[in-house]
Amino acid sequence: MTSFAEKYQIMPVAKAIARFQELYPEAKLTKIQLEYEGPFLKYDLEGMDASTKYTIDLNAQTGETLKSSDRPLKEKEVARRDSYALNINNLLPLEEITQTALDAVPVDHPIQWELDRKRERTYWKVEVVNQQGGELYEAKVDAQEGTLLEMKLKH
């Protein structure tokens with residue numbers, strides 16, 4: 001059976017996280033997004049340490065750094081830094097998250113995955129369209145449990 005990473009010819013999320021942590025070992029991840037950049041998928045990762053916000057975009061197929069940046073944290077970010085941090089422990093594989101999303105919506109072409117947090121829950125927002133791109137659905141799936149939290153038609 002072909003894995004999600006093999007089907008999309010991308011590196012697993014865990015490798016993208018490891019890459020970010022190698023570069024910024026003190027930073028807590030606050031955003032992980034996988035989306036199309038032209039014909040290929042890219043990871044967009046953001047995180048914060050005590051004083052700086054870091055962003056890195058990686059080619060999801062090759063792992064090549066497309067761009068990276070850092071900037072000092074704003075005052076409100078310093079105060080909320082811990083509440084922005086994602087729970088990246090025991091993340092379910094993206095193929096499982098994607099399948100839960102696909103089972104919940106009447107369309108079948110995933111185009112974007114974003115790891116997000118609300119209160120103590122970390123979840124994936126998966127955007128799915130039909131092949132023509134006319135209907136856009138968003139499914140929210142718990143990142144550790146794999147349960148569907150919400151599904152809505154966006155367009």
Side-chain angles (χ1 to χ4, degrees), residues 3-5 7-8 10-38 40-105 110-129 136-155:
S3 73
F4 179 86
K7 178 180 177 182
Y8 288 91
I10 61 170
M11 65 181 178
V13 174
K15 279 194 174 183
I17 291 170
R19 179 78 183 279
F20 182 88
Q21 291 174 328
E22 284 172 20
L23 295 169
Y24 314 111
E26 300 300 316
K28 293 183 179 184
L29 273 161
T30 57
K31 177 183 175 185
I32 301 173
Q33 187 169 320
L34 177 64
E35 65 182 343
Y36 283 94
E37 176 85 7
F40 63 90
L41 285 163
K42 74 166 184 155
Y43 283 106
D44 177 13
L45 296 103
E46 292 180 1
M48 302 176 196
D49 63 17
S51 61
T52 308
K53 181 175 183 175
Y54 304 97
T55 303
I56 186 169
D57 288 356
L58 302 173
N59 180 315
Q61 291 175 305
T62 67
E64 173 190 359
T65 300
L66 301 172
K67 70 178 182 180
S68 64
S69 63
D70 60 76
R71 66 164 176 76
L73 290 180
K74 297 175 184 166
E75 194 173 314
K76 75 173 187 173
E77 291 172 323
V78 171
R80 295 183 184 161
R81 184 177 73 97
D82 289 338
S83 68
Y84 292 145
L86 299 170
N87 176 2
I88 57 172
N89 298 317
N90 303 312
L91 291 177
L92 290 173
L94 263 187
E95 60 195 324
E96 201 172 313
I97 298 298
T98 302
Q99 191 58 56
T100 299
L102 291 174
D103 290 346
V105 299
I111 59 168
Q112 182 180 350
W113 300 257
E114 182 177 352
L115 196 60
D116 206 349
R117 175 180 170 175
K118 186 168 188 174
R119 295 184 185 84
E120 297 303 313
R121 177 172 265 163
T122 298
Y123 59 91
W124 284 100
K125 289 191 296 190
V126 182
E127 290 189 355
V128 187
V129 297
L136 175 63
Y137 287 85
E138 179 182 270
K140 293 181 180 178
V141 181
D142 185 284
Q144 281 81 18
E145 297 174 10
T147 54
L148 180 68
L149 304 172
E150 182 181 325
M151 185 272 295
K152 63 183 174 184
L153 176 64
K154 291 184 78 173
H155 292 124

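- Between Val13 and Tyr43 the shortest side-chain heavy-atom distance falls below 4.5 Å.
- By the ring-ring contact (aromatic ring centres under 6.0 Å, His included) test, Phe20 pairs with Tyr24, sequence neighbours left out.
- Note: Met11 CE to Ile17 CD1 = 10.0 Å, rounded to the nearest 0.5 Å.
- Sorted by first and then second residue, the side-chain hydrogen bond (donor to acceptor under 3.5 Å, both in side chains) pairs involving residues 60-69 (not counting sequence neighbours) are Arg19-Thr65.
- With respect to the salt-bridge test (charged N to carboxylate O, under 4.0 angstrom), the residues Lys118 and Glu150 do not qualify.
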Derivation and outcome, side-chain contact (heavy atoms from CB on, under 4.5 Å), residues Ile88 and Ile32: CA-CA 10 Å; Ile88 57 172; Ile32 301 173; 4.3 Å; yes
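- Between Leu29 and Leu115, every side-chain heavy-atom pair lies at or beyond the 4.5 Å cut-off.
- Across Gly47 and Ala27, no two heavy atoms sit closer than the pair C-CB, 4.2 Å.
- Contact annotation: the side chain of Ile111 approaches that of Leu136 to within less than 4.5 Å [non-hydrogen atoms, C-beta and beyond].
- At least one donor-acceptor pair closer than 3.5 Å links the side chain of Glu77 to the backbone N or O of Lys74.
- Leu92 is not listed as a side-chain neighbour of Val141, based on a closest heavy-atom distance of 4.5 Å or more.
- Taken from CG in Leu41 to CD in Gln112, the straight-line distance is 10.5 Å, to the nearest 0.5 Å.
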Verdict with reasoning, Tyr123 to Ile97, per side-chain contact (heavy atoms from CB on, under 4.5 Å): CA-CA 9 Å; Tyr123 59 91; Ile97 298 298; over 6 Å; no
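- The salt bridge (charged side-chain N to carboxylate O under 4.0 Å, His left out) analysis of residues 78-92, with sequence neighbours excluded, yields the pairs Lys28-Asp82.
- With a 6.0 Å radius and a threshold of 12 heavy atoms from other residues, nucleotides or ligands, Lys15 has its NZ atom at or below the threshold.
- Rounding to the nearest 0.5 Å places CG of Asp103 at 9.5 Å from CG of Leu148.
- A side-chain donor-acceptor contact under 3.5 Å links Arg117 to the backbone of Ala85.
- In this structure, Lys42 and Glu35 have side chains that are in contact, with non-hydrogen atoms separated by less than 4.5 Å.
- Annotation: side chain to side chain contact (heavy atoms under 4.5 Å, CB included) contacts of Asp142 (sequence neighbours excluded): Arg121, Gln144, Glu145, Thr147, Leu149.
- Atom OG1 of Thr100 is separated from atom CD of Glu95 by 11.0 Å, given to the nearest 0.5 angstrom.
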Chi angles and distances behind the salt bridge (charged side-chain N to carboxylate O under 4.0 Å, His left out) call for Glu46, Lys53: CA-CA 7 Å; Glu46 292 180 1; Lys53 181 175 183 175; 3.5 Å; yes
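- Looking only at side-chain heavy atoms (C-beta outward), Leu23 and Tyr54 stay at 4.5 Å or farther from each other.
- Under the side chain to side chain donor-acceptor pair (under 3.5 Å) criterion, Arg119 pairs with no residue, sequence neighbours left out.
- Residues satisfying the side chain to side chain contact (heavy atoms under 4.5 Å, CB included) test with Glu26, not counting sequence neighbours, are Asp49.
- Note that OG1 of Thr122 is 4.5 Å distant from CG of Asn87, once rounded to the nearest 0.5 Å.
- Counting non-hydrogen atoms of other residues, nucleotides and ligands closer than 6.0 Å to CG of Asn90 gives a total of 12 or fewer.
- Interatomic distance, CG of Leu58 versus CD of Glu37, reported as 12.0 Å (0.5 Å rounding).
- Here the closest heavy-atom approach between residue Val126 and residue Pro110 is recorded as CG1-CB, 4.4 Å.
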